[in-house]
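Below is one structure, written out as structure tokens, with a few remarks after it.
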Amino acid sequence: MNKTMNAASLALALGAAMTMAAAPIHAASHGGAMKAETEKCFGVALKGKNDCKAGAGTTCAGTSKMDHQGNAWSMVPKGTCEKTMSKTSPTGNGQLMEFKEKKA
Amino acid sequence: MTARADRLRPIGAVPGQKRRSLPERAGIGLKPEHLQEILDTAPDIGFFEIHAENYMVDGGPFHHYLTRIRERYPLSIHGVGLSIGGEDALDERHLDRLAVLLDRYQPESFSEHLAWSSHGGTFLNDLLPVPYHAATLARVCEHIDRVQDRLKRRMLLENPATYVEFAASTMAEPDFIGEVVRRSGCGLLLDVNNVYVSSINHGRDQRAAVSAMPLAAVGQIHLAGFAEDTDAAGASLLIDSHGAPVAEAVWDLYRYALDRLGPMPTLIERDNDIPPLPVLLAEAQQAERIMKRLSPIASREAVA
Amino acid sequence: MNARQAFAEALLAAEPVCPPGLTTWNGSAPEKRFAVYRNTVTVGLVDALADSFPVTLQLVGEDFFRAMAREFARQTPPRSPVLALYGDGFAEFIEAFPPVAALSYLADLARLELMRVQAWHAADAAAVAAETIVRLLDDAAALPQARFTLHPSVRLLRSRHAVVSLWAAHQSEAPSSSLATIDTASAESALVLRNGLEVEISVIDEAAAIFIELLQQGRAFGLAAGQALDADSRFDLAQTLGLLVRSGALADLTISGSTTS
């Protein structure tokens, strides 16, 4: 423990990093790296959360803007989690995956 | 110079430095959905208004875009979280944040609400109603004094849209607001939609409600759309949803108000179901057409 | 209890109640009118959470998410009028919420989403100039003691679950097809940062996460690299630095007390 990397190794790595960073981004990723396409990603722009509107109403049932009386304690999650599964496999090492969000 | 113009001149500005006021034009709320389009198309619009709290973050895209838009347009900063009608002391940290924001963007107008939204350190995220009596009057005036002292500028106070009234109230809303304006020296942000919504919700005459307001202190107008509901007795209950175009009845009340005020900076508010930018710009143009139709002489006489 | 306190409590009460002292012009029962306020408070807070945690929402479905978020909002209403960062504690709430106990990855996914929001709003900082770093290479002997200042938006998450893969799968229109191929039980570390106006989320090795974490704590370059290598002999320092430089994550660096910018 408490090892310190020597100056030569640090310089070598830093030099390589600068070369990498200067290259176009898509070429900078190393083998096995992937870049997800997020062109159609939803909710990319965060909204302003403070406003001065009142709720759309109390009797317009069926809209998601209503304060549902559903009790979360007795509900079952029904979303994409139903498609997820857990299996055991060795953890991939040396992977650098990068995902990018679109700006506002 | 008319009496109105005299009273509207911002007070408490840096000595020797005159703060500009909003133009007598229509503006719209600045929504993240429209930021890039506004920069790309540079629409002809009188001003933009933001909700102060949305910009109380350290950095990032919100400030990036607002900085660029502010360089090109007059700006109104509208607070929604100061809780001026609150029983607690004003949140000094929040006032500090406001001071930083106003200093950074130097808006032509700063306004807040006659409402409370925090209690016991909890933020309740709504503009909640206050009873109209001597105790709340004193507290509201004390809070506005503190705001104007801290921010070194006159603020506009917006009349609320309400759904209930209080047995404890002893004053009518316009009288209460008139007294706040008189004691604190603040201006009035006349929300015409709120006057309409509250008048329907409480069985009042909306034109009488406008006339009874301290009109000489008005510095800005808000217009918005409402949602319709009914109360337990089946009577109409309007909700200040900001989710629809301005209703015809509210345009009518706006004309009535302008006849008494003359041209006035007017904001089209939209916070729900945000339409494409051109739709909001068209509503702003409608407000400007109404403003232009006023006879300048008649409107000056109306406030004289 | 005074009238204001009663009003405030009724807004967040689990069951619809109406505070005393309310009147209506037509004598109608005030409950329904008061419900407009209750509705606005709750829906506003739930909307804020839905906006900040969109993948968490997709995973459990909108109905369940909104019911769960309402539960959280009533227990943990905001303490600040600034809602941009509301949601602190939501991950911990999820962790202890029995109806989602089977979704062991959900709390970390919510943590990742909160980091994304925090990164979005974090302070701006320019990246240190490339020439400055290159100049540093001329004085290699001083490198082990160099200290980096990271961009204020940088956040790290070390999870026992494949939360970045899960998050990334939801950035496309049809997440379901790729979801089944993700081993949710495989550990992943995430680097979250804002590069210009964009928030970027990257999967990094745990050793890289250790390295960046140590840099963030102000530890020396040589020590941070050594510790990371110690944790995993396959630690790729060049690759990790390349990612940091490319993402504008290095805001400043200092050598023996002198700052370069």
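Proteins get letters first, then strands, A, B, ... in listed order; numbering begins at 1 in each. Reckoned from all heavy atoms, side chains included, excluding hydrogens, waters and symmetry mates.
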From [X] atom [atom1] to [Y] atom [atom2], the distance as rounded to the nearest 0.5 Å:
X      : Y      : atom1 : atom2 : value
A:K3   : C:L223 : NZ    : CG    : 12.0 Å
A:T84  : C:Y105 : OG1   : OH    : 3.0 Å
A:K83  : C:T181 : NZ    : OG1   : 13.5 Å
C:Q239 : A:M20  : CD    : CE    : 5.0 Å
C:L59  : A:K78  : CG    : NZ    : 15.0 Å

Given that the side chain runs from C-beta out, which part of [X] has a heavy atom under 4.5 Å from chain A: side chain, backbone, both or neither?
X      : result
C:Y86  : neither
C:H121 : side chain
C:F65  : neither
C:L166 : side chain
C:L103 : side chain
C:S52  : both
C:A225 : both
C:A48  : both

Give every donor-acceptor pair under 3.5 Å between a side-chain atom in residues 6-13 of chain A and any protein atom, sequence neighbours left out.
unit_1	atom_1	unit_2	atom_2	d
A:N6	OD1	A:A8	N	3.2
A:N6	OD1	A:S9	N	2.7
A:N6	OD1	A:S9	OG	2.8

**OP:** Provide the closest heavy-atom pair for A:W73 versus C:E71 in the form atom of the first, atom of the second, distance.
**Re:** NE1-OE2, 2.9 Å
Subject >> Minimum-distance pair of heavy atoms, taken over all atoms of C:V100 and A:P77 >> reply: CG1-CG, 3.9 Å
Original post:
When only pairs under 4.5 Å are counted, which of A:E82, A:K49, A:M5 shares the most heavy-atom pairs with chain C?
Top reply: A:K49
**OP:** With a 4.5 Å cut-off on heavy-atom pairs, point out which of C:G61, C:G222, C:G242 contacts chain A the most.
**Re:** C:G222
**OP:** With a 4.5 Å cut-off on heavy-atom pairs, point out which of C:A50, C:P144, C:A141, C:A190 contacts chain A the most.
**Re:** C:P144
Subject >> Contacts of type side-chain contact (heavy atoms from CB on, under 4.5 Å), residue C:S80, not counting sequence neighbours >> reply: B:R97, C:V82
Original post:
Is atom CZ of C:R160 surrounded by more than 12 heavy atoms (other residues, nucleotides or ligands) closer than 6.0 Å?
Top reply: no
